[in-house]
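Report on the structure given below.
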Amino acid sequence: MKKLLAGAALMALLLMTSQAHAHSALCDCFDNGDGTITCQGGFSDGSSAAGVKMSVLDGSGKAILDGKMNKDSEFTFKKPAAPYKVKFDAGEGHSVEIDGAKIVQ
């Protein structure tokens, strides 16, 4: 019985620890008004998004540009003429997609 309680206590502690380290991906993009778009990213715990994969997708979801967030957690690219989406991809459960039509100055 003691082993069962100890195992349950350990499991509860591990679950609480994983929740304490959980964070959400955050990304927002702005039209710079000069034909370029800048996206800024990060995580809800305040950690940097430097090096996070960024993709610009066409209307069919195909990548037309791939890059990474710079040391300031920013990614700037030339605004596509056709409909597009921007994808912030920090791995499973940590991605954000933004419709280009919703990116404003």
Side-chain angles (χ1 to χ4, degrees):
M1 184 69 172
K2 284 184 178 181
K3 286 184 179 179
L4 182 61
L5 289 175
L10 179 61
M11 188 61 104
L13 181 62
L14 289 174
L15 288 174
M16 289 176 13
T17 302
S18 67
Q19 286 180 342
H21 293 285
H23 58 261
S24 299
L26 305 170
C27 185
D28 203 3
C29 299
F30 308 93
D31 186 330
N32 295 314
D34 62 357
T36 63
I37 303 293
T38 296
C39 299
Q40 297 175 326
F43 297 93
S44 60
D45 65 356
S47 60
S48 169
V52 168
K53 181 180 177 185
M54 297 293 295
S55 298
V56 180
L57 312 172
D58 66 11
S60 68
K62 180 181 175 188
I64 54 176
L65 175 67
D66 287 316
K68 292 182 179 182
M69 287 278 182
N70 67 17
K71 64 179 176 62
D72 297 321
S73 298
E74 293 182 346
F75 176 69
T76 299
F77 59 95
K78 184 178 175 185
K79 183 178 178 179
Y84 67 99
K85 290 183 179 179
V86 178
K87 185 175 183 179
F88 173 97
D89 187 2
E92 188 173 327
H94 292 91
S95 67
V96 176
E97 275 193 24
I98 301 171
D99 187 336
K102 295 182 179 178
I103 297 173
V104 296
Q105 288 185 6

All side-chain contact (heavy atoms from CB on, under 4.5 Å) counterparts of A63, not counting sequence neighbours = L57, D66
task = Sequence neighbours left out, what pairs pass disulfide (SG to SG under 2.5 Å) with at least one residue falling in residues 67-105?
result = none
request  = Kindly determine whether I98 and Y84 satisfy side-chain contact (heavy atoms from CB on, under 4.5 Å), including the steps that lead there.
outcome  = CA-CA 9 Å; I98 301 171; Y84 67 99; over 6 Å; no
task = Output all residues satisfying side-chain hydrogen bond (donor to acceptor under 3.5 Å, both in side chains) with D99, sequence neighbours left out; order by chain, then residue number.
result = none
query = What's the shortest heavy-atom distance between A90 and F43, and which atoms?
reply = CB-CZ, 3.7 Å
note = Applied to residues 68-105, the disulfide (SG to SG under 2.5 Å) test, sequence neighbours excluded, yields none
ask   = Tell me, which pairs form a salt bridge (Lys or Arg N to Asp or Glu O under 4.0 Å) where one or both residues lie in residues 51-64, sequence neighbours left out?
value = none
query = After noting the C-alpha distance and the side-chain angles of V52 and D89, does the key distance pass the side-chain contact (heavy atoms from CB on, under 4.5 Å) rule?
reply = CA-CA 6 Å; V52 168; D89 187 2; 5.5 Å; no
Identify all side-chain donor-acceptor contacts of residues 26-42 below 3.5 Å with residues at least two apart in sequence or on another chain.
{"residue": "D31", "atom": "OD1", "partner": "G33", "partner atom": "N", "Å": "2.8"}
{"residue": "D31", "atom": "OD2", "partner": "K79", "partner atom": "NZ", "Å": "3.1"}
{"residue": "N32", "atom": "ND2", "partner": "T36", "partner atom": "OG1", "Å": "2.9"}
{"residue": "N32", "atom": "ND2", "partner": "T38", "partner atom": "OG1", "Å": "2.8"}
{"residue": "D34", "atom": "OD1", "partner": "T36", "partner atom": "N", "Å": "3.1"}
{"residue": "D34", "atom": "OD1", "partner": "T36", "partner atom": "OG1", "Å": "2.5"}
{"residue": "T38", "atom": "OG1", "partner": "T76", "partner atom": "OG1", "Å": "2.9"}
{"residue": "Q40", "atom": "NE2", "partner": "E74", "partner atom": "OE2", "Å": "3.0"}

key: Under 3.5 Å: donor-acceptor pair, side chain of H23, backbone of H94   = no
query = Under the disulfide (SG to SG under 2.5 Å) rule, what pairs show up with a residue in residues 69-105, not counting sequence neighbours?
reply = none
note = Here the pair of heavy atoms bringing S73 nearest to A50 is OG-N, 3.4 Å
query = Which residue pairs pass the ring pair (Phe, Tyr, Trp, His ring centres under 6.0 Å) test with at least one member in residues 61-80, sequence neighbours excluded?
reply = F75-F77
inquiry  = Restricting to side-chain hydrogen bond (donor to acceptor under 3.5 Å, both in side chains), what partner residues turn up for S24, sequence neighbours left out?
reply    = none
query = Any side-chain heavy atom of M54 within less than 4.5 Å of one from M69?
reply = yes
query = Is there side-chain contact between V56 and P80, with at least one heavy-atom pair below 4.5 Å?
reply = yes
task = With sequence neighbours excluded, tell me which residues meet side-chain hydrogen bond (donor to acceptor under 3.5 Å, both in side chains) with S47.
result = D45
task = With sequence neighbours excluded, give me every disulfide (SG to SG under 2.5 Å) pair touching residues 51-105.
result = none
